[in-house]
Structure formats: C-alpha cells, structure tokens
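Both backbone and side-chain heavy atoms feed into the values below; hydrogens, waters and symmetry mates do not. Per chain, numbering begins at 1; letters A, B, ... match sequence-line order.
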Number of protein chains: 2
Amino acid sequence: MVGIKEVAAHAGVSVATVSRVLNDSPKVTEETRAKVHAAVKALRYRPNAVARSLRTEATHTLGLIIGDILNPFFAVLARAVEDEARAAGYTVVIGNADERPEQQDHYVRTLLEQRVDGLLICPTAEVTPLVEDCVAAGGPLVFLDRTLPGLEVPSVRVDGTSAIHELIRHLHDLGYRRIAFISGPELLSTGRERTQAYMDAMRASGLEIREEYMEAGDFQAASGQAIAARFLELPEPPQVIFAGDNLMALGALDEIRARGMRIPEDVALASFDDVAWFVHVDPPITAIAQPAEELGRRAVRALLERIEHRPVEPVVLPARLVTRRSCGETGKP
Amino acid sequence: MVGIKEVAAHAGVSVATVSRVLNDSPKVTEETRAKVHAAVKALRYRPNAVARSLRTEATHTLGLIIGDILNPFFAVLARAVEDEARAAGYTVVIGNADERPEQQDHYVRTLLEQRVDGLLICPTAEVTPLVEDCVAAGGPLVFLDRTLPGLEVPSVRVDGTSAIHELIRHLHDLGYRRIAFISGPELLSTGRERTQAYMDAMRASGLEIREEYMEAGDFQAASGQAIAARFLELPEPPQVIFAGDNLMALGALDEIRARGMRIPEDVALASFDDVAWFVHVDPPITAIAQPAEELGRRAVRALLERIEHRPVEPVVLPARLVTRRSCGETGKP
DNA sequence: TCCTCCCATGTAATCGTTTCCATGAAGGGA
DNA sequence: TCCCTTCATGGAAACGATTACATGGGAGGA
C-alpha cells in the first residue's frame with residue numbers, strides 16, 4: 001500500500017512536508033500544498049491510522065460495551081452513541097457482552113489493547129478484576145445505564161424511581177390492588193433500583209407487598225414468560241403484571257396470550273422500558289419510557305470530557321410513564 | 001503505559017524474548033517463559049495492538065457497514081457477524097450508513113484508514129467512487145444482503161424470489177385477487193429483486209398487475225404508511241397489502257389501524273422480512289423470513305476466505321414464507 | 001553590500017512491536 | 001579433545017506516520 005514516502009517522492013517534497021499538508025499545518029506554501037494534494041489523489045493515498053495512532057497515542061476511537069444489541073433499548077443507545085461520537089470525530093467499536101461477565105471482560109481486554117481513547121460500559125453484573133484494573137489504571141471510563149457499587153467511576157443513567165411511583169399510583173387509581181412485579185437481576189443496579197422503587201411505591205399507595213408477587217428474572221424474554229406463568233397459577237393471581245424490562249414484558253405477554261387470557265380484562269400488563277412496537281401490539285402496552293438517545297449522547301459527552309481531563313459530574317435522567325390500553329381505560333379520571 | 005521494554009527489563013531478558021513468549025513461539029525455555037509471564041502480571045502489561053498491527057500489517061478487525069442498526073433485520077445480522085468474527089479472533093467495527101451514500105462513504109474511508117483486514121458492506125443505493133476505488137484496490141470486500149451491479153465483488157445474500165412466488169400463490173389460494181405491493185427503492189438490488197419477483201409471481205398466478213397497486217417506498221416506516229394510505233384511497237382498493245420490508249409493513253399496519261379497518265377482514269397484510277414481534281401483533285403478520293443469522297455467519301466466513309486468498313464463490317440463501325393470521329385462515333385447504 | 005531574521009522545508013528520532021540475523025553455549029559424534 | 005550442530009537468546013532494523021530541530025534561501029534594513 002502506498003505510504004507517505006511515495007507521496008513525498010511523487011510530489012518532490014519531503015515526508016515532513018506531506019505530513020504537514022495532511023494535518024493542514026499553516027506553515028506550508030499554497031503551491032506545495034497543491035502539489036501534495038495532487039500526488040495524494042494521483043496515488044490514491046490513504047493515511048495509515050495505525051501508524052498515526054502509534055505516534056500520536058490517540059486512536060480517535062471509543063469502545064462501547066453493551067448487554068445485547070438485539071434488545072431494542074441497547075440498539076437505540078448504541079445508535080445514539082455512534083451518532084454523537086461521529087459528530088465529534090470518533091469511531092465507535094461496539095462490544096456485545098451478551099450479559100456474560102466473561103464476554104464483557106473479553107471486550108474490555110480487547111478494547112484496551114486496541115488503545116481506544118475511552119470506554120463506555122453498561123456493566124454486566126459483577127465487578128470483574130479486569131474492570132477494577134481498568135478503573136485503577138485511570139483510563140477514561142464511564143458507566144452507562146448501569147453502575148457498579150464501590151467504584152469511583154462517573155456514570156450516566158436513568159432514574160426510573162419517580163416514574164415507577166407514578167405507574168403504581170396510576171394503577172391504584174384505576175382500581176388495581178394486586179400488582180405483581182417481575183424484577184431484574186439483583187446484581188444489576190437497574191434491577192435493584194426498580195425493585196426498590198416498586199416496593200416503596202406500593203407502600204406509598206398503601207398497597208400490600210406480597211412475597212409471591214415478586215420474582216427476579218434475568219431481563220430475557222424466557223424468564224418473563226416463566227415467572228408470569230407462576231404468577232397466573234397462584235390461588236389468588238395478580239390483577240396486574242409489571243415487568244422490569246421490555247423483553248420480560250414480551251415473555252409475559254406471550255404467556256398471557258397462550259393461556260387465552262384477555263388484556264387488560266383478565267390481567268393487565270405494564271413494562272419498564274418502552275420500545276417502538278409496544279404501540280402496535282394489541283392492546284398497546286403501558287410502559288415507562290427511558291430517554292435512550294439522550295442517555296447515549298450524554299454518555300459520549302461525559303466520556304469526551306473525561307478524555308480531555310475536564311471534571312465530569314454524574315448524569316441522571318428521568319424516565320416517563322406512557323399509559324396505554326394494556327392497563328385499562330386511560331385518560332379518564 | 002508500560003511496554004514490552006519494561007517487561008523485558010523486569011524479567012531480565014531481551015524484548016525479542018518477551019515478544020516470543022507473548023506470541024508463544026516454541027523456541028523459548030519453560031523457565032524464561034515463566035519469568036516473562038511473571039513480569040507481565042507484575043507490571044499489568046497490556047500488549048499494544050496498534051504497534052503490533054503496524055508491524056504485522058494485520059489488525060484482526062473487520063468492518064461492517066449496514067443500513068440501520070435500528071432495523072431489526074440489520075441488528076440480527078450485525079449480531080451474527082460479531083459472533084462469528086469473535087469466534088475467529090476478529091473484532092468488528094460497525095458503521096451505520098443510515099441508508100445515506102455519503103455516510104456509507106464516510107465509513108468506508110474511516111475503516112480503510114484504520115486498515116481493517118476486511119470489509120463487509122450492505123451497499124446503500126449507489127456505486128460511489130470510493131467503493132469503486134476500494135474494489136479496484138482489491139482489498140478484501142464482500143457485499144452483504146445487497147449487491148451492486150457491474151462490480152466484481154463476491155456477495156452473500158438472500159433470494160426471496162421463490163418465497164414471494166409462494167406467498168402470491170398462498171394469497172391466490174385464499175381467494176385474494178387484488179394484491180398491492182409497496183416496493184423498495186429501485187436503486188437497491190433487494191428492492192429490484194422483490195419487485196421483479198412480485199410481478200412474475202402475479203403473472204404466474206394469472207393475476208393482473210395494476211399500475212396503481214405498485215409504489216416504491218424507501219424501506220422506512222413513514223413511506224409504508226403514506227403508500228398504504230394511497231392504496232386504501234383508491235376507488236377499488238386492494239384486498240392485500242404486501243410490504244417490501246418490515247418497516248414499511250409497520251407503517252402500513254399503522255395506517256390500516258388508524259382508519260379503523262380490520263385485518264384481514266377489511267384488508268390483509270403481508271411483509272417481506274420477518275421480525276420477532278410480528279408474532280405479538282394482533283393479528284400476527286404473515287411474512288417472508290430471511291435467514292439473517294445464517295447470512296451474517298456466511299458473510300464472515302466468505303470474507304475470511306478472501307482475506308486468506310482462497311477463492312470464494314457467491315452465497316445465495318433462500319427465504320421462507322411464514323403464514324400467520326394477517327392474511328386470513330391458514331392451514332386450511 | 002552585508003547582516004539578520006523569518007519561514008518554508010528537510011533530516012532524523014521516535015512510538016511499541018515483530019522478526020531477521022548473529023552469537024554463544026551446550027551437547028554429541030568421531 | 002575438537003568440531004559441528006542445535007537452539008535459546010539478544011541486537012537491531014523495520015512498519016508509517018509525527019514532530020523537534022536543523023538548514024538554507026530570500027527579503028529587508030542599515
């Protein structure tokens with residue numbers, strides 16, 4: 001492949017001059033600049049970013065490690081991160097941890113070796129030694145969506161607490177009393193937060209928190225289905241099933257349908273985390289919408305601040321309740 | 001950051017030896033190997049992939065340029081590509097062209113500069129000069145899902161023709177005669193192919209191809225909605241709307257719902273390209289399923305063959321008709 | 001006319017690896 | 001005992017860019 005040397009030879013100048021032209025340094029004659037550009041075009045020269053990065057110690061690349069690209073929430077997040085990063089002149093390398101700590105570690109390792117300029121992680125479950133190292137090493141790192149306890153890392157996340165309170169109030173107002181919750185993994189900050197908010201909100205509305213109306217899934221559809229099944233088998237089944245994320249809501253929906261039950265007449269359904277097609281399901285599903293794009297954009301901005309050694313304070317965005325027909329009549333007092 | 005030199009000093013050996021240990025070359029004593037590993041661990045050494053790539057001329061990275069990560073079809077594709085690539089020791093950099101030629105070019109340029117070992121492109125519309133260059137330069141390149149005319153590039157794609165014939169036959173058997181088609185952009189090979197197959201299949205079933213029952217969208221939801229609206233406004237509206245991709249099907253679904261029409265009683269709906277939530281819509285939507293995972297995996301394999309300079313023949317996978325309730329009673333003769 | 005200053009340009013070191021080649025010690029066969 | 005072979009190890013040259021520093025020519029002032 002043609003390098004800067006060939007360009008220099010073709011243009012009759014030194015490699016230094018070519019480099020200056022390419023980085024449009026001001027100290028170069030208009031004439032030589034033209035010659036170099038001509039040579040670049042003639043030889044179809046493409047700068048070698050690898051060599052440049054080696055010398056400049058910057059790759060203009062960000063790493064993003066997410067739970068699962070097939071989850072629409074993460075897809076939207078990834079898309080937003082990419083857009084914002086591109087606007088700032090960065091490329092994003094996405095790693096799919098698939099919610100597995102070892103795969104998360106695989107990507108942390110790979111991305112560190114690739115010398116990404118910064119790392120955005122939606123941490124999966126545990127504090128792995130690698131992540132700890134990474135924090136200790138002080139490389140630019142920002143936690144996205146989720147946080148890990150005990151680590152001094154800036155984070156950009158959504159707080160769903162008030163939206164969950166709103167949802168429970170809404171359900172209470174509609175006359176529902178027996179509200180079950182399919183929670184997420186205890187190991188994830190988002191899982192813990194939503195569970196806590198559910199319990200607080202139930203108490204706040206004067207509703208009873210029943211042991212058998214709470215069970216933890218793994219944020220995947222299958223667990224939502226299984227748990228919904230158990231709820232519906234109870235001697236006194238819940239009137240509402242509230243799922244802790246969109247995939248478990250999907251699983252619950254399948255289970256309810258499979259039993260030939262009607263929504264919301266036989267059982268109502270709500271989801272934390274709204275996705276585009278919830279509108280198209282029959283009935284449309286009441287959900288708590290997270291500002292995923294905003295989240296992604298803010299995360300990139302925070303990371304860039306860290307990269308430039310500016311102080312960065314944590315970002316917490318609010319979620320929003322979107323009421324639809326899956327919980328019965330809305331819009332009526 | 002600590003480099004190979006520090007490791008060498010700490011272990012009391014030369015950099016050459018450290019390098020040999022890291023690449024586990026056989027010609028190294030068990031004893032020195034141990035010393036080096038100890039030093040690596042003690043110093044928390046991380047190999048610098050940038051420097052390594054510069055020297056070895058290989059980045060172990062593949063580029064993937066897709067239309068839009070928010071389209072579930074591409075999300076599944078991207079996921080499969082990543083999985084297969086990781087299994088082969090490669091990292092994938094995903095570029096979101098957003099169906100815009102200039103953004104596609106942005107990624108082609110960036111990825112070439114990053115010296116990816118190979119490039120997987122779902123080409124957007126036009127043959128841009130950059131892509132032409134890229135082909136001329138002979139860098140490992142494979143077209144995925146879509147192809148570009150007149151370029152000698154191996155491709156891995158789905159042929160939906162027979163599935164479309166099957167669909168039209170199915171609709172004909174159910175008694176439908178007026179079948180409208182929301183086609184994709186003429187500029188995309190997939191768009192052209194599906195349109196051609198629709199027309200052929202209509203003729204094969206002895207059905208009339210009516211000018212007003214064909215209109216091209218842009219593979220995005222909004223266009224599907226607008227075109228469905230026009231179809232439904234016709235003096236003699238179609239009995240079935242067949243959308244050329246999942247997003248346009250979604251748009252059409254919205255339009256039909258907005259008009260308070262019932263599916264399939266008032267108008268039936270079918271989609272090229274099946275997505276997970278089609279099952280959960282009411283009624284579930286008849287669709288032509290593409291083997292997206294298989295497509296992604298085969299594309300990576302083909303690309304790796306090209307990288308290793310082995311001959312690679314084009315791959316064409318069949319699509320499959322999945323009948324559901326949106327086109328009326330199925331499973332009955 | 002000559003000195004000085006400026007500024008465009010060139011030379012060469014450098015980034016962290018890999019890898020070719022040299023080196024020297026050890027071992028074995030004669 | 002000596003020489004040849006084998007093999008682990010080290011020295012140093014790449015890879016392709018950036019950049020500090022050197023250089024030289026031209027212009028302008030005295």
(request) Locate the shortest heavy-atom distance separating B:D68 from B:F74; write the atom from each residue and the value. (result) O-CB, 3.3 Å
(request) Compare the minimum distances between each of C:dT17, D:dC15, C:dT11 and the side chain of B:L54, then state the nucleotide with the smallest one. (result) D:dC15
(request) Go through the N and O atoms of the side chain of B:R115 and the base of D:dG16, and report whether any donor-acceptor pair is under 3.5 Å. (result) no
(message) Rounding to an integer number of Å, can you tell me how far B:N23 CG sits from D:dA8 C1'?
(response) 16 Å
(message) With a 4.0 Å cutoff (strictly under), does any side-chain N or O of B:T29 reach OP1 or OP2 of D:dT9?
(response) yes
(request) Please evaluate the base of C:dG16 for a donor-acceptor partner in the side chain of B:R46 within a cut-off of under 3.5 Å? (result) no
(message) Rounding to an integer number of Å, can you tell me how far A:R20 CZ sits from D:dT18 C1'?
(response) 10 Å
(message) Heavy atoms from C-beta onward define the side chain here; which of D:dT9, C:dA12, C:dT17 lies closest to that of A:V15?
(response) C:dA12
(request) Could you check A:R100, A:H106, A:E99 and say which one makes a side-chain hydrogen bond (donor to acceptor under 3.5 Å, both in side chains) with A:Q103? (result) A:R100
(message) On the side chain of A:R55, is there an atom forming a donor-acceptor pair with the base of D:dT18 - under 3.5 Å, no angle test?
(response) yes
(request) Would you classify A:S53 as touching base, sugar-phosphate or nothing, given that sugar-phosphate means primed atoms plus P, OP1 and OP2, and contacts are heavy atoms under 4.0 Å? (result) nothing
(message) Without decimals, in angstroms, what is the distance between B:Q114 CD and D:dG16 C1'?
(response) 15 Å
(message) If I take atom CZ in residue B:R52 and atom P in nucleotide C:dC15, what distance separates them, rounded to the nearest angstrom?
(response) 19 Å
(message) For a quick test of reading the model: is some side-chain N or O of B:S19 closer than 4.0 Å to OP1 or OP2 of C:dT19?
(response) no
(message) Is A:T32 close enough to C:dT9 that one of its side-chain N or O atoms is under 4.0 Å from OP1 or OP2 there?
(response) yes
(request) May I ask you to say what A:V50 touches in the nucleic acid, namely base, sugar-phosphate or nothing, with a heavy-atom cut-off under 4.0 Å? (result) nothing
(request) Compare side-chain N and O positions of A:T17 against OP1 and OP2 of C:dG10 and report whether any pair is under 4.0 Å apart. (result) yes
